[in-house]
Amino acid sequence: MPEGFLACYNRWAMVEITPESTETTSNTGVRVRFAPSPTGYLHTGGARTALFNWLLARSRGGSFILRIEDTDEERSTEESTNAILDGLRWLGLEWDEGPEVGGEFGPYFQSERKELHLKFADRLLKDGHAFVCDCPKDEASDERPKFDENCRERPLSEQLKLLAKNPALPLRLKVDPGQEIAFTDMIRGEVRVSTDEIGDIVIVKSTGGPVYNFSCVIDDATMNITHVLRGEDHLSNTPKQLLIYEKLGWKPPQFAHLPLIVGMDRARLSKRHGATSVTAYRELGILPEALVNFLLLIGWAPKDDREEFTRDEMISAFSVDGIGKSSGAFNTEKLFWFNGKHIRSLTDEEYLRHIFEFVPNEWKKAKRDDHIAKVMLLFKDRVTHFAEIEELAWYFFRAPEEFNEDAWQGIIAGSNSAAMVLKEIPAALKALSEFDCEHIEELVRGYAKDKGLKLKDVIQPLRVATTGDRFSPGFFEMAELLGASEIAKRSSATLAKLSADN
RNA sequence: GGCCCCAUCGUCUAGUGGACUAGGACAUCACUCUUUCAAGGUGAAAACGCGGGUUCAAUUCCCGCUGGGGCUACCA
């Protein structure tokens, strides 16, 4: 790493890209980008930003570009980059240009574009729009003067001399005080800020590294980005970036600042709110289609009342003017509902393929796949997310060790027919010539009728005996899969506990 | 603190100066289906933050307040 700003100087001259060449590149349609920092997993807010960019590109026949902003060496990791790439792919948000797919506007890792950034910093310096700053920080406030009267008017030659003496000096943009910066945000309309709030912004750090707002402008411009859709947390960066576009003499892209996703308590999404990463939802057994559908509806609404969208439907329905202004709470309940909907719309084959990823290994060891598959099918309209299957279906693979107190009192102990049922039905089941759902039903219904019992007075004790609680899929289907001897075993265990209690 | 953004049911949202008795969805509740739980069906309850204007009329336009959020770095 060269020491400071000056050391890079000679190399800039060798960089071939000139502003002219970037400006004349053919401007074919919409070009949008998602530019995450690889400092962690892909979180839901980022996923939503990526989705909206992707939708804008797809709905307008444009390009969706992925740029990794990995200039923070401390925090950027390759694992994060991979996690983000995987997350986007899992969500089905394929990028047209970016890491692993390339493109004519690369490189797509910001760290590899440093020379380009510095080249434009140099141009700004030479054009008198930027200056070398050697002001010390104010001891009290730990800040530099907002507008640097001292350094900004020094002749270029003197500035370069200064830099030669001490390369560890930042470069700042010369900003005119008292000016109003106004721009039209596609979502928020007119936004105005005074340059007095901004001051002479640093564009190159004393380490010689370009500052985010500067890199971002250079990259968006040289990548021919036409629309910048990003989180509202960037709204106050926009005027600063606009100033840079202006000094460089470039036409800025259109900006749209998306409302942020917050927790149900309106606070910024964090660990405290539970799962926040795309990976976490994937591990819970959320389908990408469901997550995408859910994310779509935070901050965007269609013209009609439709809520469920396929990819193609969302692409054709999407438009920026459907995006709202206020932040939206991440409502996991609704995500689960969406997921349940999507699960139920899966074919049995698709459903099984997905849920098998979540079947515990003990189950797979204990039972054959086709048997497990039959069990899983009983839960297709009961699961909201696949990871839930273990707590839902465990009793198909293991006898209950204890009973729900209310169920025991209400259905077993408090019933005068339960003991009889638990003795007689298992015996009759064992004697059944054909042990399938239909024959079991016939037997149980016949038995209830003979004894003058309600069907549920026969079934509920059996259900509690086999599952330990009152809820399960239909008893006949369940019995078929459990087998007569297993039911007999669990019934006698229940009877044993009953007599032990008395 | 300063600057900026935002404000419709608990939540995601639709909506418009009068058609609003404010629409849809999740969640909730009830009923239904039913062997339980789900799923499905039907229905109920549930909101325009407050105060001033403008107007014949304001949830809708303007101002203030309050509340929430963001930014305020030589982080991205």
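The model shown is predicted, which means the values in this text are computed figures rather than measured ones. Naming convention: chains lettered A, B, ... in sequence-line order (proteins, then strands); numbering from 1 in each chain.
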Sugar-phosphate, base or nothing in reach of E307(A), heavy atoms under 4.0 Å: base
Rounded to whole angstrom, note down the P distance from C3(B) over to A73(B). 15 Å
By nearest atom, which of the nucleotides C12(B), U35(B), C74(B) is closest to the S206(A) side chain? C74(B)
Could you tell me the Watson-Crick or G-U partner of C29(B), where both distances fall under 3.5 Å? Say none if there is no partner. G43(B)
Of the listed A38(B), C5(B), U35(B), the closest approach to the R445(A) side chain comes from U35(B)
Taken to the nearest whole Å, CD1/I201(A) to C1'/C74(B) is 12 Å
Which nucleotide in A25(B), U35(B), C12(B) has an atom nearest any side-chain atom of W337(A): A25(B)
Have a look at G328(A) and say if it touches a base, only the backbone sugar-phosphate, or nothing, with a 4.0 Å heavy-atom cut-off. sugar-phosphate
May I ask you to test the R344(A)-V383(A) pair for a side-chain heavy-atom distance under 4.5 Å? no
What's the CG-P distance between D304(A) and A25(B), to the nearest Å? 13 Å
Of E69(A) and I323(A), the one whose closest nucleotide on RNA chain B sits nearer the 5' end is I323(A)
Hey, can you tell me if Y212(A) and H234(A) have their rings parallel, tilted or perpendicular (30° and 60° cut-offs)? tilted
Using a 4.0 Å heavy-atom cut-off, does R192(A) contact any base of the nucleic acid, only the sugar-phosphate backbone, or nothing at all? sugar-phosphate
At 4.0 Å (heavy atoms only), tell me whether F336(A) reaches a base, stays on the sugar-phosphate, or touches nothing. nothing
When we call it a touch if two heavy atoms are under 4.0 Å apart, what does N237(A) touch: a base, just sugar-phosphate, or nothing? base
Any donor-acceptor pair under 3.5 Å joining the side chain of S326(A) to the base of C6(B)? no
Is a side-chain donor or acceptor of S345(A) paired with a backbone partner of H342(A) at a separation under 3.5 angstrom? yes
Among U13(B), U11(B), G2(B), which nucleotide sits nearest the side chain of A329(A)? U11(B)
Considering only atom C1', compute the distance from U59(B) to A7(B) and round it to an integer number of Å. 12 Å
When the P atoms of A30(B) and C37(B) are compared, how many Å lie between them, rounded to an integer? 12 Å
Would you find more than 12 non-hydrogen atoms of other residues, nucleotides or ligands less than 6.0 Å from K456(A) atom NZ? no
Integer angstrom distance from the P of C48(B) to that of U11(B): 12 Å
Choose from U13(B), C74(B), G2(B) the nucleotide whose nearest atom is closest to any side-chain atom of I298(A). U13(B)
Report yes if at least one side-chain N or O of R268(A) is closer than 4.0 Å to OP1 or OP2 of G70(B); otherwise report no. yes
For U55(B), what is the paired nucleotide under Watson-Crick or G-U wobble rules, both distances under 3.5 Å? none
When all nucleic acid strands are considered with a 4.0 Å heavy-atom cut-off, which category describes S472(A): base, sugar-phosphate, or nothing? base
What distance, rounded to whole Å, do you find between the two P atoms, one in C50(B) and one in G10(B)? 13 Å
Looking for any heavy atom pair under 4.0 Å, which part of the strands does K146(A) touch: base, sugar-phosphate only, or nothing? nothing
U13(B) P sits how many Å from D305(A) CG, rounded? 14 Å
Comparing D381(A) and F475(A) on RNA chain B - which has the more 5′ nearest nucleotide: F475(A)
Within the 4.0 Å heavy-atom criterion, would you say E333(A) contacts the bases, only the backbone, or no part of the nucleic acid? sugar-phosphate
Provide, to the nearest angstrom, the distance between the CD atom belonging to E73(A) and the P atom belonging to C74(B). 18 Å
Rounding to a whole Å, what distance do you find between R266(A):CZ and C5(B):P? 19 Å
Calculate the interatomic distance between L296(A) atom CG and A14(B) atom P; express it in whole Å. 12 Å
Looking only at atom C1', what distance separates A45(B) and U60(B), rounded to whole Å? 26 Å
Could you tell me how far A44(B) sits from G51(B) if I compare only their P atoms? Round to whole Å. 30 Å
Side chains of Q110(A) and D219(A): do they bring a donor and an acceptor to under 3.5 Å? yes
Name the nucleic acid region contacted by E441(A), choosing base, sugar-phosphate or nothing; use a 4.0 angstrom heavy-atom cut-off, strictly under. nothing
Would you tell me whether S111(A) and D70(A) have side-chain atoms, one donor and one acceptor, within less than 3.5 Å of each other? yes
Under 3.5 Å, side chain of D200(A) to main-chain N/O of V175(A), donor-acceptor pair present? yes
I need the NZ-C1' distance between K325(A) and C4(B), as an integer number of Å. 14 Å
Output the rounded distance in Å from CG (L295(A)) to P (C26(B)). 19 Å
For U34(B) and K454(A) - does any side-chain N or O of the residue sit under 4.0 Å from the phosphate oxygens OP1/OP2? no
Counting the atoms with a prime plus P, OP1 and OP2 as sugar-phosphate, which does P302(A) contact under 4.0 Å by heavy atoms, base, sugar-phosphate, or nothing? nothing
Please report the distance separating the C1' of U42(B) from the corresponding atom of A47(B), rounded so that it comes out in whole Å. 24 Å
Answer with yes or no whether R463(A) presents, from its side chain, a donor or acceptor under 3.5 Å of a partner atom in the base of U35(B). yes
Decide whether D185(A) and H257(A) meet the rule of one side-chain donor and one side-chain acceptor closer than 3.5 Å. yes
Counting only Watson-Crick pairs (N1-N3 plus N6-O4 or O6-N4) and G-U wobbles (N1-O2, O6-N3), all under 3.5 Å, who is the partner of C3(B)? G70(B)
Quick one: the side chain of K334(A) and the base of A25(B), do they pair up donor-acceptor inside 3.5 Å? yes
Report which part of the nucleic acid R188(A) touches: base, sugar-phosphate, or nothing (heavy-atom distance under 4.0 Å, all strands). sugar-phosphate
Does G299(A) reach a base, just sugar-phosphate, or nothing at all? Heavy atoms under 4.0 Å. sugar-phosphate
Y351(A) and F386(A) aromatic ring geometry - parallel, tilted or perpendicular at 30°/60° bounds: tilted
Counting only side-chain heavy atoms from C-beta out, which of G70(B), C74(B), U35(B) sits nearest to P170(A)? C74(B)
State which of C5(B), U11(B), U35(B) makes the closest approach to the side chain of N331(A). U11(B)
Could you check whether R344(A) gets within reach of a base, just the sugar-phosphate, or nothing at all, counting any heavy atom under 4.0 Å? sugar-phosphate
